[in-house]
Number of protein chains: 2
Amino acid sequence: MKLQQLRYLAAVAQNGLNITAAAEKLHTSQPAVSKQLKLLEDELGFNIFVRSGRTLTKITPAGQKVIERALHILREVYNIKNISADLKDEDRGSLSIGTTHTQARYVLPTVIQQFRAKYPNVDLHLHQGTSEQIAEMAALDHIDFAIATGSHEQFRKYVLLPCYQWYRRIVVPAGHPLALIKKPTLKQVAQYPIVTYVFSFTGPSSLQQIFSKAGLSPNVALTARDADVIKTYVRLGFGVGIVADVAVDPKEDRDLVAIDASHLFPIHTTWIGFSRDGVLRRYMYDFMQLLAPHLNKRLIDRAGNMQSQEEVDALFAEIELPIR
Amino acid sequence: MKLQQLRYLAAVAQNGLNITAAAEKLHTSQPAVSKQLKLLEDELGFNIFVRSGRTLTKITPAGQKVIERALHILREVYNIKNISADLKDEDRGSLSIGTTHTQARYVLPTVIQQFRAKYPNVDLHLHQGTSEQIAEMAALDHIDFAIATGSHEQFRKYVLLPCYQWYRRIVVPAGHPLALIKKPTLKQVAQYPIVTYVFSFTGPSSLQQIFSKAGLSPNVALTARDADVIKTYVRLGFGVGIVADVAVDPKEDRDLVAIDASHLFPIHTTWIGFSRDGVLRRYMYDFMQLLAPHLNKRLIDRAGNMQSQEEVDALFAEIELPIR
DNA sequence: TACAGTTACGGACCGCGTAAGCATA
DNA sequence: TATGCTTACGCGGTCCGTAACTGTA
């Protein structure tokens, strides 16, 4: 068994069982891949793929297991190379981040600006998506970091470190009846159509539940996937917006009235996560600290060596998080 | 980077940084290992080992990380080969078990007898040791299974499945004053010198603590590492033995009086553990079920896929364990 | 006939073993 | 001087690319 064979195997598995396509991605010839695959299957003594005629059509059950192990191996090889790269040239490399709209739009720009100034030779890749999509990227090892709020469950392979907390704000156009009220009640808010995030309505501690607990049934006029859309519709007089605190810009949004809603809705915690199996480059530590100053190398390493997220949570229980 | 190089690296690391010794174990020449090591270090761009003159003296910090990753890779390669072996010839292979004296001497013989009858072509290796030694074997991947009682903490990499429960017994020579008492009290037992396991005296719920909780300070005449030694000294009139229930054989020990002590000391649970990272061969499943009939493949797989021991414990909380 | 994978073959490279060289205790 | 690692060199095997072949839509 050779590492090369495992690489070829992984490429074939990840390119729709198409050997030709895999060979192209690997910058080698198609017969080379074909042959090594066959040699690997010969050595193992069983077929990894089901063939109908000459084309690969399916993965056998045992093949599936082998592929999983192979991906694990390749990930470790990558880790070893990362250890090496970090020593050779610690300021050069790449950093892929999966994150949600709110973070990408309102929080990360300043962080990334600082980061790029410090590490001009690090290739930055930002992938925006829903938390499900980010979880998918994480599972496939396509990203180094995930930055999101809530939803710990989908990130089993990850260590999640809390970064900062934030409240929601209510935004209304100037002149709206609520604009004059400093501390509105849930009941007052519920009198108007509501415009907010899609995700705020699923799961526990959702807006839905908060209103219904108070015996109210909110009239949701629109659910959007990002704050910009929400603010746009608020401007159009569609309803009352409920957005993340950070999503309100004092300058750009000076035509809107932003009302503190920390007394109405619970606090949220944004975290940054990385694979428990991964090796962190120096600039990755630095990125985390730029995002959240309390995340120093010592603390990150302690958390990274923990077996379960519960332990990590316990570690951070004693640390006070900044509020944005 | 080649798998071969990682194998060589691991061998050198595990043979006291002696390249010659490593080469011998690998059935290859010393220059071959030397060269591949150097090639690997060249590729990585840093030294894995510290050399004084030409001999290797230490492992560099980065080298240590690389070695850990390499061992992980080799473990996965082994797993892939196990998947293969299981399909090719599922009745042939090897099974290494680390266990304590009590299990090896009193419980496993019948299990192993049945196992060997079913799988005559599986090489069985039994390694007896203290729980620390077994934990060490587990950490180094030298065993497939660990079977022991208590001490979950040292087996972080393992999934531990409870097998059966047992009580302690008090053994005295015929004619001893306690021999006539059906249900002795702690106070009565404490009147005589005590002969028991070394390990029963450390940690929480130890004998020491049980006695001191009752306001008694036992006179420990002898601590042994196995029940046979304990019984020998009991026969010599050295004191009152406290041993595992299973360690008393009605036939062989008919000269001793064994008194039920379930009302004095808490119940113990013996578990079998295997690496969370490992692949289980078919005969391994069968071995576990021979040891504890409730451990069927379905249940083992469910437990094996769990991330933490807490989840496994929760799974087994509902299952009634046999008492031996 | 277009497409995808296999087989065949020559060349480059690589890893091994033998043998000799070199540094340290 | 013994031990242990490195260097040198030739052989055999391996892997790749090109090209021709084969089976399927």
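Chain letters run A, B, ... following the sequence lines, proteins first and then strands; every chain starts at 1.
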Between B:Asp286, B:Asp86, B:Asp144, B:Asp91, which is the residue that forms a side-chain hydrogen bond (donor to acceptor under 3.5 Å, both in side chains) with B:Arg281?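 When B:Asp286, B:Asp86, B:Asp144, B:Asp91 are each tested with B:Arg281, the side-chain hydrogen bond (donor to acceptor under 3.5 Å, both in side chains) holds only for B:Asp86.
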If the cut-off is 4.0 Å, is A:Asn18 near the phosphate of C:dG5, judged by side-chain N/O to OP1 or OP2?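 Yes, within the criterion.
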As an exercise, state the distance from CD of A:Gln309 to OG of B:Ser308, rounded to the nearest 0.5 Å.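 Reported value, rounded in 0.5 Å steps: 12.0 Å.
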What is the distance from atom CD of B:Gln154 to atom OG1 of B:Thr130, rounded to the nearest 0.5 Å?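 So the gap between those two atoms works out to 8.0 Å.
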Return the value, rounded to whole Å, for the distance between atom [atom1] of [X] and atom [atom2] of [N].
X	N	atom1	atom2	value
A:Phe49	C:dA4	CZ	P	16 Å
B:Leu37	C:dC16	CG	C1'	15 Å
A:Glu24	C:dC3	CD	P	13 Å
B:Ile19	D:dT7	CD1	C1'	14 Å
B:Lys38	D:dT7	NZ	C1'	10 Å
B:Leu56	C:dA23	CG	P	17 Å
B:Leu3	C:dC14	CG	P	17 Å

Using a 4.0 Å heavy-atom cut-off across all strands, classify B:Leu17 as base, sugar-phosphate, or nothing.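 Sugar-phosphate: the residue B:Leu17, judged by heavy atoms under 4.0 Å, touches backbone atoms but no base.
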Going 5' to 3' through nucleotides 15-25 of chain D, assign each nucleotide B (protein heavy atom under 4.0 Å from a base atom), S (under 4.0 Å only from sugar-phosphate atoms) or - (no protein heavy atom that close). SSBBB--B-S-
Could you walk me through whether A:Ile73 and B:Ile80 pass side chain to side chain contact (heavy atoms under 4.5 Å, CB included), step by step? CA-CA 10 Å; A:Ile73 289 172; B:Ile80 289 177; 4.1 Å; yes
State which residue, out of B:Phe274, B:Trp271, B:Phe145, fulfils the ring-ring contact (aromatic ring centres under 6.0 Å, His included) condition with B:Phe155.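 Exactly one option meets the ring-ring contact (aromatic ring centres under 6.0 Å, His included) with B:Phe155, and it is B:Trp271.
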Could you label the plane-to-plane angle of the A:His72 and B:His72 rings as parallel, tilted or perpendicular, counting under 30° as parallel and over 60° as perpendicular?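 Ring orientation, 0 to 90° scale: tilted.
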